[in-house]
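First comes the structure, then the notes that go with it.
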Amino acid sequence: MDTIFAPATSPGRAGVGIIRISGPLAHATAERLCGTLPDHRSSALRWVRDSRDGSKIDQALILRFDAHGSFTGEPVVEIHHHGSPAVLSQLVKVLSDQPGLRIADAGEFTRRSLENGRLDLSQVEGLADLLDADTESQRRQALRVMDGELSRLVVSWRADLLRSIALIEATIDFADEDVPVDVYPEVRSLIGRVLGHMKSQLSGAKAAADIRSGFEVAIVGRPNTGKSSLINRLSRRDVALISEYAGTTRDVIEARLDVSGHAVTFLDTAGLRETSDVVEGMGIDLAKRRANSADMRIFLLEPDQVGPDDTIEVEAHDLIIHGKDDDGSKGGVSSLSGYGIERLLKDIEVRLNYLTSGSSLLIRERHQVAMRAGAEYLGNALSSLDEDYSGPEFVAEDLRSAIHALDQLIGRIGVEDVLGDIFSSFCIGK
């Protein structure tokens, strides 16, 4: 296998930059450039020299990892150098000249970690999400999956199902003899317990997906209720045009913000009214579609308006407030004075916390597909058991199919078709 290297930090000026080397030649290469290496998982200050003429390149902190304790499962060396573009350029040039070394492909360090059993596929996906996390809720969720929480669940479920198969097959192998213990109550208990856990994960899958991708909150109402002013106030910049003329907003304007750790995209929509203007009518139709598909809606009312029009259905977690409430007499919001803005954000936070309170570890659609398949097989197995204990061979086969689905979830089998998509999102040095 090739020995690979790549910068593990972003280009540009910084206090410290890191270059990572991984593969069978990592230690030997580092010794040529730095001299003796420190012990496993230890660091030492060394001069990094050009192997061609011995000239000094930089004084760096050298970290050594043996294969059994490295991220990739291979010998690894990290060079923590001064983060100037000139130092990085020279180090990359010298490493490129070393025999048997090449620059890493995108995500290749993590791919080797997968191939060498240091991470499973779900942990790799958690790591990818952690690198992409913009908010605290995304970070926490990704970290749980990267830390192996989903993997540990799958391993425990798999053990229960293997136990169930062993018990079922005992009745098949000794069909002509008396089995000393009635195994079916234990089998039913094991399958039921696993199925219950899987259904719980599936029930929280939408919340997990929303945390990962972010929430949409649509601001809706009649023309000139302050929708565009509100999105500008929330985003603290002019993202939407504002005028006194009704119908100014024709398209949906988006602003992505962090609301107390949640990624939220606010949607400024066209004012809802009857119109003969074809283009405005198209904007209103789009506003209705986006509002109906949003996770939450903020209905802005006119000063004398009692409640929202029936154009868009109000759901339990939506907010209904008066806009342009500059004097605070309506208990609404004012984008001009800032009245009610903090309270509005707090109300949004409370509702988003409720929507995410039951989130699971199924952060990707692939996880949900595998889990649904496994749950269906387990449901079939329980149905067979309830039919007067008929067809133990069919029960055993359904259990094997459920295990197969779980193995796909954590990447024990059938991973090649998803690896390209996953690793394309990684940077070169990861």
Side-chain angles (χ1 to χ4, degrees), residues 129 132-135 137-138 141 202-223 225-235 239-241 247-275 277-301 307-321 323 333 344-345 347-360 362-369 372:
D129 281 3
D132 288 337
D134 293 320
T135 67
S137 62
Q138 291 173 334
Q141 176 172 272
L202 284 168
S203 68
K206 184 184 184 305
D210 287 339
I211 290 173
R212 180 172 181 262
S213 62
F215 295 87
E216 284 194 348
V217 176
I219 306 172
V220 296
R222 296 173 183 172
T225 52
K227 298 183 297 297
S228 297
S229 298
L230 179 58
I231 198 171
N232 286 348
R233 180 80 186 202
L234 291 172
S235 59
V239 297
L241 291 175
T248 299
T249 300
R250 302 292 181 94
D251 205 349
V252 174
I253 308 299
E254 302 184 4
R256 190 173 176 89
L257 305 175
D258 183 333
V259 178
S260 299
H262 297 290
V264 178
T265 299
F266 287 93
L267 309 178
D268 175 27
T269 61
L272 303 177
R273 65 171 180 174
E274 296 292 332
T275 181
D277 187 306
V278 175
V279 176
E280 185 184 359
M282 293 171 62
I284 292 172
D285 289 340
L286 177 60
K288 293 176 182 177
R289 292 197 300 272
R290 293 296 299 273
N292 284 322
S293 65
D295 300 287
M296 176 183 167
R297 284 147 293 278
I298 300 172
F299 291 89
L300 285 188
L301 306 182
D309 301 326
D310 58 4
T311 310
I312 298 172
E313 184 177 353
V314 180
E315 299 184 9
H317 50 268
D318 292 338
L319 285 167
I320 303 172
I321 55 176
V333 293
L344 172 63
L345 289 172
D347 288 341
I348 295 172
E349 177 193 351
V350 169
R351 284 159 171 76
L352 293 182
N353 287 341
Y354 174 78
L355 291 175
T356 60
S357 59
S359 65
S360 70
L362 306 183
I363 59 176
R364 305 239 173 171
E365 177 64 24
R366 187 186 69 80
H367 300 169
Q368 298 179 42
V369 170
R372 281 194 293 266

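For clarity, every value in this text was computed on a predicted model and none was experimentally measured.
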How long is the straight-line distance from [atom2] of [Y] back to [atom1] of [X], given to the nearest 0.5 Å?
X      : Y      : atom1 : atom2 : answer
Leu257 : Asp134 : CG    : CG    : 12.0 Å
Asn232 : Ile253 : CG    : CD1   : 9.5 Å
Asp258 : Thr135 : CG    : OG1   : 5.5 Å
Arg372 : Glu365 : CZ    : CD    : 5.0 Å
Ile363 : Ser213 : CD1   : OG    : 11.5 Å
Leu362 : Gln141 : CG    : CD    : 9.5 Å

Q.
Run the side chain to side chain contact (heavy atoms under 4.5 Å, CB included) test on Ser360 and Leu202 for me, step by step, so that the C-alpha distance in whole Å, both residues' side-chain angles and the decisive distance to 0.1 Å come before the verdict.
A. CA-CA 7 Å; Ser360 70; Leu202 284 168; over 6 Å; no

Are any non-hydrogen side-chain atoms of [X] and [Y] less than 4.5 angstrom apart?
X      : Y      : result
Asp210 : Leu355 : no
Phe215 : Ile348 : no
Arg212 : Asp132 : no
Phe266 : Leu230 : no
Val333 : Leu300 : yes
His317 : Tyr354 : no
Asp129 : Gln138 : no
Ile284 : Thr311 : no

Determine the minimum heavy-atom distance between [X] and [Y], stating which atoms define it.
X      : Y      : result
Arg256 : Ala263 : NH2-CB, 3.4 Å
Ala208 : Ser359 : N-CB, 3.9 Å
Leu301 : Gly307 : CD2-C, 3.8 Å
Gly261 : Ser137 : O-OG, 2.6 Å
Glu349 : Ser260 : OE1-OG, 3.0 Å
Ala294 : Glu216 : CB-O, 3.6 Å

message: Treating Lys227 as the side-chain partner and Leu267 as the backbone partner, does any N or O pair qualify as donor plus acceptor under 3.5 Å?
response: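 No, the answer is negative, given that no donor and acceptor are paired below the 3.5 Å cut-off.
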
Quiz item: Between Arg297 and Glu313, is there a salt bridge with N-O shorter than 4.0 Å?
Solution: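 Result for this pair is no, no salt bridge flagged.
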
>> One thing to verify: whether Asp295 and Arg351 come together as a salt bridge, which I'm taking to mean a side-chain N less than 4.0 angstrom from a carboxylate O.
In response: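 No, Arg351 and Asp295 are not salt-bridged.
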
Walk me through it: do Thr225 and Val220 pass the test side chain to side chain contact (heavy atoms under 4.5 Å, CB included)?
CA-CA 9 Å; Thr225 52; Val220 296; over 6 Å; no

Query - Derivation of the side chain to side chain contact (heavy atoms under 4.5 Å, CB included) call for Leu319 and Leu344 - result: CA-CA 9 Å; Leu319 285 167; Leu344 172 63; 3.7 Å; yes

